[in-house]
Amino acid sequence: MAQCVQSVQEFIQDSFVPMVAVLCSEDAERVTRKNSLSFPELLRPFCRLTSEGHLRDPNNQVVVVKGLRISVTGINTRPPQTPEMHRLLSQAVSVCQPPEGSPANVITAGDYDLNISATTPWFETYRENFLQSMPASEHEFLNHYLACMLVVSSCEAVPTEQFLKLSQEQHRIQHSGEYTHPKWFIPNTLKYYVLLHDISEGDEQRADSVYEDMKQRYGTQGCYLLKINSRSGSTGADEQMPDPWSQYLHKTSIHNPELYEESAVSNAVENNIGAEEDGLDPSIRDDNETHPLQLDQPTDAGYPSNNASQSVNNVDMTRPQKQASVTSHTTPTPRGTCLTLNDHDHIRQFIQEFTFRGLLPHIEKNIRQLNDQLVSRKGLSRSLFSATKKLFGGGKVPEKSIAELKNTAGLLYPSEAPELQIRKMADLCFLVQHYELAYNCYHTAKKDFLSDQAMLYAAGALEMAAVAAFLQSGAPRPYPAHYMDTAIQTYRDVCKNMLLAERCCLLSAEILKSQTKYSDAATLLIKMTSEDSDLRSALLLEQAAHCFINMRGPMVRKFAFHMILAGHRFSKAGQKRHALRCYCQALQVYKGKGWALAEDHINFTIGRQSFTLRQPDNAVAAFRHILINDSKQSAVQQTAFLREYLYVYKVRNTHSTSCIMEALTLFSTGEKQAATHVSLDQEFDRDLSPLWRELEERVVAVVNRGAVPITFQPSQCCLNSQTDNLRYPLAVVEEPIIVEVVFRNPLKIPLALSALCLLWKFTPKDFSDPQGNTAGETITNEKTMALNDIIDTQVIPEFTISPEETKVARLKLLPHKTGELHVLGVVYNLGTGEVDNSEGDLMCVRGQQNLEIQGPRLNMTKEEKTSVTYGPDHRLDPIITPLMPLLEVFFINFPTGLLCGEIRKAWVEFVNVSAVPLTGLRVASTHPEFFTFGSAASDLTPVTPTAAEHCSAYKTVAMPPSVEIVSLVSPAAFGVTSGDRPVVAEIPLSQGVLGPGEALQIPLWLRGPDREGVHEINFLFYYESTEKTAKLSHRVLRHTAFICASRSLSVRATASRSNTLHSRERETEERQEGEEKNGSMLVFVDVENINTSEAGVREFHIVQVSSSSRQWRLHKCINPVGDKENRRAILASRERGKLCFKATRCRTEEGGASSSQKYTFADLNLGNEQIVSSTTPCADFFFRRGLPSEPRRGGVSTGGASQIWRQSGTDDGVTNIVKKCSEVEKLYTVGTESIQTPLNFSLFVIFKKNVLLNLQQSNTLDSVKIHFSELIHHRLPSHTLVVYLCSPESLEVHGSFSWLGQTQYKLQLQAQEVYRLSLKACFFQAGVYNLGTPRVFAKLAQTSAMCETSQQSAMPALIIINSV
């Protein structure tokens, strides 16, 4: 159970106190009414004694009475009848709520940290009111009057006569037999005469004289002079006096003025609570009420009739509750205004004198008399102590169980019965705290009552015997809990009296709790719950829950379960606030522990109760938990929950002054902002972001002559949580801004959203002003949507989200003015699609979702690292800048797949979709060698109609096979001025400007990457406005293309000088030819088809070979004589081919003085068309790879070669032209070393595809003898040389020929000896073959070296094999 303010001993003592009646004259009541109090109310705060009292028991032992409290009430007090009492008890509980800031009891049990009320004042209030209003019954005397105060004013003409009248009236009420109530403890009731003197009005001497006469008449112990009203009510009105009556007359004071109203209008299932408490004046008495708890009370209560002279003595015991309900609406009436602190002391002294000199001696005398009567009747010892010893020592009467006893609850003993005298003596002893004697008497009476089967009397004796045993000092015997259990069972099952059973339960539960027997206390409390009283059941269940949580091992789930049960019963009893509190405390246990259905039920109930109690925010929060979590409820139940939720909002919206409600946070949201030319579907790639920044920096550096401005910031058009949002994004006026919001429906039912749009606020600014002064006040569309002339807001009329669906809404804003824009959130109508029967409208409410973005956590400085600080996120706060051009780019016939090295022609279209012109159009790419727009000096129009055969990718000229066609080209004509590759290309515009709405189409040549696979090609288009603005200097447009490259040809070219002549003869010949011959060399091109029928290609035809170099050019092709078609090399899959060309040095007179800075392009076509390699696109791609390095080592430098070929496949005979670039290598001899180095020489090998092959192969095997005339000289005149010659098949794959016979030789050569070997080879098909594959190793014969030195030369020995 919860903690109580009083200890259990104090609680029990205050529950059973001596009762004193009051009978006042009219003048005496008038004196007290000056203080707005009746005489009993005047005494109530002073009824607890502050000092100890003493009396002697029958054995003459002193009994100390500590903290005694007496109860003083009017003699004609009538408690309300049962319905009224239920209402008052319910109201007392309702208005007693835990005050704000009350201490909370935090209990940690396992994983639970529960915040539970430390005290339950509503339960204590209920318990106190219930026990103090227990009616006087026949089977016990605890509530019977022991004394009666007769109060007369000193202003009476003859006070003694008035005392006589009051005494006779009291005697008539007690002994005439006309009245069954009130009940009197003993026939000889103590009469105490009080003379009330009003100091402010009366004659004090006369009062003293009357009091002296009273002492002579009634004795000094039977009368008292009480002087009050030391001041008038008006005198010293501003002086603050203490009000000790407030805590007694307003124990159920209301902490919140709305509590009573809410409790009054709530639905009371059990108690039929009225709509409002009657406004009763404190001086008015309701004399038609009867006590709700009295036993067998007839309709005529048997109370004395209330005439005018007696009405002042009718003091309602439940007056405090009634006054509390009245004063909850009005200002409390001040009490005790005529009393001073001395008057307070007079009243306190009066109570003390009455108790010590009147009441306690009277009780002591009656205890002795009763003891003497019992001893004489029993014929036993003079003392009851000795008698009880003999009685308890032997001859016990066996007790029968409750089931065996017959129902004798209606049995009544006469007032003189010994059994009742014992009970009366026990009650007297109990009231004066003589618990040992009381226990003995109760125990004796219990046996007598059980023998007579008087079960009501027996239950009462058992109850009080258990309480007396517990209260005995020193605990001589354990608490007999079974006495209480028997008493409760008897009251409930045999006597059918739930009120007495409830009192017994409350007492026993407190005792068990004080002994830490929480489990037994909880069991007892739960047993007392029933259907006849929801309020009682709710309070007991709540206390049982507290017992479970206060155990040594807290039973958390039992606590929560019984709090739910208590909340349910509170709700049935109309106690909405208490029900809500119980459910909220239980939710702490069930929340987040997997009890989904239980948690939904609790939240649903909390939502309803909160809405009833006018707490819409709490109601919304409770319903929200049901709807946003992963609910396990069925769709039907979720529909009901949503309907309740919408109803709460709709009702709240009816009473709200705002047209847009607070956030209806049913959904999780995410945001992106973008311009129209950026796709919202593409995901942000953190790796690509630096790449785009680098490309933009390159373009900006080119525009600014190589330097990037300090104020440069990369462009960001699409913003999300992964981008840098520390800066305010820039948007352009008259260009839409799109916010992407992700809605998630967690329910199993569809949600219908309508009128979905963005909320914003906008501050106009004129950026043409250098200071950027504000041009107007901040405006927003939160209250009105008619602002489309400033910001055009898109409204989505319908937006339906399916069950458990995540759906994206893209909301658009179109600004018409410059300034600062802030996107605040989204608003919408949320509904279920059902019709509200009450009004005929759709059940929907206006909801708002604020878009509040938390920026990244800051972690730079020490303070930021040691604290949790977040930076700003301005992605929803764009700055609207003046008009800027807007570019759109379209690619026409852009391929998705290419062969490695394949050239394809496409078209690109640039469109200016804005209202202002653009200029400075440039493009940067991560792969500048992938594309070219051509050069201005090139003729882009095909010369011959046959160019269509090549898809217009090349410029072609009809030309039969012949010697080379030579052209001189300057790199500057193709935009290349240095050795670096050009990264940024400028796109030519007409007059340098692309006007508003204009479009430009230009060709675009693409070359397949050299490596196979999928390649990502990034384009960044840069452009500017013709009018410079401070906010936005330029704009960019990004594009990413993916190209799948397939394998085509593998080309390797080598160059070497012929050394078939003797070295001396070569030198003589070179000197003779001089400048005319200018040197020559052989170029060998090895080509292999590595395509495996990918992209529908079966074979390749070589149609042209071109070269590009400053020093060398191709002169002619060494080819077999025969059909011209055979001059083309046809390569099927995995086939190899070898071509041989003669190359000569370029003549200086061909290009004039500037020829040394130009490149010589030589074309050797193998077909009927010449493809001009010195123009676009061949020259473009050659120069975009970067200029070759300068010559090295005696003028030998690098160059390039190209093969132009056609592919043959199954794609409807479409012909594609592909260029393949390769390095050319030269092998030359210096002294005895073989050195391999690159030449400044480029080859363009052109291939052609054809489906049919025109080769005639012979089935005969021809044997050809070849004289290999190459000489190897060594200058070792005095040594013998050992030479090894070998040409194994494993050392090199020769294609379609093989060596025959012996392939390895070991020779020993003397000095200056020449030895010739004959070798045989077999060829399987026509072609050009290199016979220079044998390898020669040599060592000195005299040395012991195990390894020979390789003496092989790379000079090829070519043979041409013709077909038959």
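Starting from 1, each residue takes its place in the sequence as its number.
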Where G992 and T919 come nearest, the two heavy atoms and their spacing: O-OG1, 2.7 Å

Parallel, tilted or perpendicular: ring planes of W760 versus F762, cut at 30 and 60 degrees: perpendicular

Distance in Å, I1171 CD1 paired with S1106 OG, rounded so as to fall on 0.5 Å steps: 8.0 Å

Side-chain donor/acceptor of D792 to backbone N/O of N788, under 3.5 Å: no

Where I987 and F910 come nearest, the two heavy atoms and their spacing: CD1-CZ, 3.3 Å

Atom pair OG/OH of S1108 and Y1159 - distance to nearest 0.5 Å: 7.0 Å

Side-chain heavy atoms of I853 within contact of L876, under 4.5 Å: yes

Verdict with supporting geometry, F930 and H1015, ring-ring contact (aromatic ring centres under 6.0 Å, His included): CA-CA 10 Å; F930 170 71; H1015 298 266; 8.7 Å; no

Non-hydrogen atoms of K1158 and R1110 that approach each other most closely: O-CG, 3.5 Å

E696 bridged to R698 by N-O distance under 4.0 Å: no

Pairwise side-chain contact, V1103 with N1165, heavy-atom cut-off 4.5 Å (strictly under): no

Backbone N/O of A731 and side chain of T881: donor-acceptor pair under 3.5 Å: yes

E902 (side chain) donor-acceptor with L899 (main chain) under 3.5 angstrom: yes

F1019 and L1037, any side-chain heavy atoms less than 4.5 Å apart: no

Whether over 12 other heavy atoms sit under 6.0 Å from E1027 CD: no

Interatomic spacing from CG in L730 to OG in S1033 - rounded to 0.5 Å: 9.5 Å

K807 NZ: over 12 foreign heavy atoms closer than 6.0 Å: yes

Verdict with supporting geometry, L814 and I737, side-chain contact (heavy atoms from CB on, under 4.5 Å): CA-CA 6 Å; L814 183 62; I737 299 172; over 6 Å; no

Side-chain touch Y1022/H1034, heavy atoms, less than 4.5 angstrom: yes

Closest non-hydrogen atom pair between R875 and P729, with its separation: O-CG, 3.9 Å

Short side-chain to backbone donor-acceptor contact, S925 and N1018, under 3.5 Å: yes

Side chains of Q794 and L813 in contact at under 4.5 Å (non-hydrogen atoms): no

CH2-CZ distance between W907 and F891, expressed to the nearest 0.5 angstrom: 14.5 Å

Stepwise side-chain contact (heavy atoms from CB on, under 4.5 Å) test for F1181 and I903: CA-CA 10 Å; F1181 287 115; I903 292 180; 3.9 Å; yes

A924 versus V699, closest heavy-atom pair with distance: CB-CG2, 3.5 Å

Main-chain N/O of C900 paired to S1048 side chain as donor or acceptor, under 3.5 Å: yes

No-hydrogen, no-angle side-chain donor-acceptor test under 3.5 Å, H822 and D877: yes

Inter-residue atom distance L994.CG - L887.CG, 0.5 Å rounding: 7.5 Å

Test: R1035 and E735 ion pair at under 4.0 Å: yes

Nearest non-hydrogen partners of T780 and K761, listed with the distance: CB-CB, 3.9 Å

E986 vs V702 side-chain heavy atoms within contact, under 4.5 Å: no

Working for side-chain contact (heavy atoms from CB on, under 4.5 Å), residues I1002 and V908: CA-CA 6 Å; I1002 59 174; V908 59; 3.5 Å; yes

Aromatic centroids of F933 and F931 separated by under 6.0 Å: yes

Salt bridge (charged side-chain N to carboxylate O under 4.0 Å, His left out) between E820 and K765, worked out: CA-CA 7 Å; E820 297 177 354; K765 284 191 176 181; 2.8 Å; yes

F894 vs I1043, side-chain contact (heavy atoms from CB on, under 4.5 Å): CA-CA, chis, key distance, verdict: CA-CA 10 Å; F894 195 89; I1043 299 296; 3.9 Å; yes

Contact check, side chains of W692 and T1040, non-hydrogen atoms, under 4.5 Å: yes

Main-chain N/O of V993 paired to N912 side chain as donor or acceptor, under 3.5 Å: no

Side-chain heavy-atom pair T1026, V916 within 4.5 angstrom cut-off: no

Rounded distance [0.5 Å steps], CD in E909 versus CD in E888: 10.0 Å

